[in-house]
Amino acid sequence: MFLNFFNELREAKVPVTLKEYLSLMEAMDKQVIGRDVEEFYYLARTALVKDERNIDKFDKVFGHVFKGLDSFADAVDVQEIPEDWLRKMTEKFLTEEERAEIEALGGFEKLMETLKQRLEEQKKRHEGGNKWIGTGGTSPFGANGYNPEGVRIGQDKSRHRRATKVWDKREFKNYDDSVELGTRNIKVAMKRLRKWARTGAADELDLDQTIKNTARQGYLDIEMRPERRNTVSVLLLMDVGGSMDPHVRVMEELFSAARAEIKNLEYFYFHNCPYEGLWKDNRRRRSDVIPTWDVLHKYPSEYKVIVVGDATMSPYEITYSGGSVEHWNEEAGGIWIQRFVEQYPNFAWLNPVKSGAWDYTGSIQLIREIIGPDRMFEMTLEGLDGAMRELSR
């Protein structure tokens with residue numbers, strides 16, 4: 001059963017390795033969890049899934065392979081008879097003839113329709129019958145009884161594995177690439193930007209080279225090396241205020257994750273368009289403005305630029321001087337965006353607005369024409385992953 005699970009994960013394009021599978025089997029052998037399927041689900045997901053994007057595929061395979069199981073008592077040898085098995089001997093078991101007489105209600109839709117009708121009609125507890133919602137009988141609805149096609153309600157464990165639907169059983173929910181980001185998901189995506197290099201002082205022991213030197217020289221010859229560091233540099237430009245107010249939470253998560261994952265990070269704020277001035281403190285944006293030309297000259301073209309904004313404004317702010325809603329801009333916002341695009345080949349724009357609305361917003365279309373249609377990404381798991389791929393090219 002477990003080997004089949006492993007094979008089906010591979011067929012579903014979940015990148016599971018043999019080493020990970022053996023680690024899972026070792027955990028099962030050491031009884032890290034009990035025989036509960038839900039506990040096994042979390043253990044297997046932890047051991048076998050390395051990327052959140054594959055959880056959807058994992059859930060589908062898991063639901064298919066282990067469908068109908070609540071525990072592994074039927075799948076492995078058990079040396080001792082559990083105490084609750086003795087209690088089950090008092091339950092009602094039907095002969096094959098009796099089971100054959102119990103007819104299915106006519107499919108899932110008819111079953112759920114009848115359940116709704118029963119819930120409306122039934123006024124009290126029922127036990128041992130063949131119609132009402134109850135226990136220990138042959139009704140399609142209830143617990144601790146038997147019916148070839150039924151709905152189990154309020155029972156801890158399945159008895160005959162025959163329920164069409166389990167009323168109170170946890171359903172594993174698929175993950176969706178279109179959901180909004182969280183700090184942890186952003187950190188995972190930003191790991192794609194890592195560029196490792198050994199720079200600085202040699203303060204780390206190079207064990208492999210030390211062994212080679214010692215074997216060659218005949219005496220202990222210690223080799224040191226610089227620590228491996230992430231050398232990627234990122235320039236983060238963030239739109240603030242106005243139409244960006246509804247997106248404050250996701251912007252804070254993005255900023256927090258970026259500062260945690262990227263050591264060499266420079267950030268600036270702008271409103272609507274990055275005009276001739278940027279700032280680092282919104283409380284002092286009127287008095288402490290940094291000329292955009294200084295930013296373009298200070299940070300070399302090796303920097304990767306991420307612009308975060310909804311690109312939603314009057315088109316005049318992008319196409320005309322004096323179009324800004326806050327000040328008189330000598331040059332149009334589109335000219336400054338073009339300068340960033342020309343200066344930094346690795347450029348991406350993250351937009352918190354749903355991509356389905358982009359074609360209906362004139363300013364978004366204008367900015368996409370300037371930066372290139374493939375450089376704007378929706379601020380979702382899928383979009384952020386695409387942006388990191390673009391910046392890593």
Side-chain angles (χ1 to χ4, degrees), residues 1-85 87-88 143 151-192 194 253 257 260-261 380-382 384-385:
M1 177 176 61
F2 295 123
L3 185 58
N4 181 48
F5 179 45
F6 174 75
N7 291 332
E8 292 208 22
L9 285 173
R10 296 291 294 269
E11 291 176 4
K13 307 300 182 184
V14 179
V16 182
T17 65
L18 183 59
K19 182 178 180 181
E20 292 165 345
Y21 172 74
L22 293 176
S23 297
L24 175 62
M25 292 299 98
E26 182 181 1
M28 293 291 291
D29 183 57
K30 294 182 178 179
Q31 298 182 353
V32 173
I33 61 170
R35 299 188 184 278
D36 184 75
V37 170
E38 187 161 339
E39 292 181 4
F40 175 71
Y41 166 81
Y42 286 112
L43 176 64
R45 197 178 77 175
T46 301
L48 304 178
V49 180
K50 301 178 289 294
D51 192 322
E52 286 89 344
R53 294 171 299 167
N54 293 318
I55 292 181
D56 187 2
K57 299 175 185 176
F58 176 86
D59 281 358
K60 290 178 180 178
V61 173
F62 190 93
H64 169 68
V65 174
F66 300 106
K67 181 178 181 181
L69 278 180
D70 285 301
S71 73
F72 294 106
D74 296 336
V76 296
D77 294 329
V78 180
Q79 300 296 329
E80 299 180 0
I81 299 178
E83 181 180 347
D84 62 330
W85 284 25
R87 297 196 193 101
K88 294 177 186 178
V151 176
R152 195 179 86 219
I153 301 175
Q155 178 179 314
D156 291 338
K157 297 293 183 180
S158 175
R159 300 292 191 261
H160 305 290
R161 322 287 188 203
R162 296 299 299 271
T164 302
K165 180 173 180 61
V166 180
W167 190 265
D168 62 346
K169 186 176 181 180
R170 174 186 179 271
E171 297 291 338
F172 297 118
K173 184 179 180 181
N174 293 335
Y175 282 69
D176 188 352
D177 274 351
S178 66
V179 298
E180 285 193 346
L181 299 171
T183 303
R184 180 178 179 275
N185 294 328
I186 298 172
K187 287 182 179 180
V188 171
M190 284 190 169
K191 287 180 179 179
R192 290 187 179 276
R194 289 180 175 176
E253 291 175 345
E261 284 298 318
T380 62
L381 288 175
E382 183 181 18
L384 184 59
D385 184 67

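Excluded from the calculations below are hydrogen atoms, water molecules and symmetry mates; all remaining heavy atoms, backbone and side chain alike, are included.
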Kindly say whether Phe58 contributes a backbone atom to a donor-acceptor pair with the side chain of Arg45 at under 3.5 angstrom?
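It does not hold such a pair.
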>> Taking the ring centre of each residue, are Phe62 and Phe5 less than 6.0 Å apart?
In response: yes
Residue pair [X] / [Y], side-chain heavy-atom distance below 4.5 Å:
X     : Y     : result
Lys57 : Val61 : no
Phe40 : Leu24 : yes
Val14 : Leu48 : no

| field | Stepwise side-chain contact (heavy atoms from CB on, under 4.5 Å) check, Tyr41 with Asp59 | value | CA-CA 9 Å; Tyr41 166 81; Asp59 281 358; 2.7 Å; yes
Handout entry: side-chain contact (heavy atoms from CB on, under 4.5 Å) against Leu22, all qualifying residues, sequence neighbours excluded
Key =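 Leu22 satisfies side-chain contact (heavy atoms from CB on, under 4.5 Å) with Leu18 once adjacent residues are dropped.
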So CE of Met28 and CG of Leu43: to nearest 0.5 Å the spacing works out to 7.0 Å
So OH of Tyr21 and CG of Leu9: to nearest 0.5 Å the spacing works out to 10.5 Å
Contacts satisfying salt bridge (charged side-chain N to carboxylate O under 4.0 Å, His left out) that involve residues 20-31 (not counting sequence neighbours) are Glu20-Lys50, Glu26-Lys30
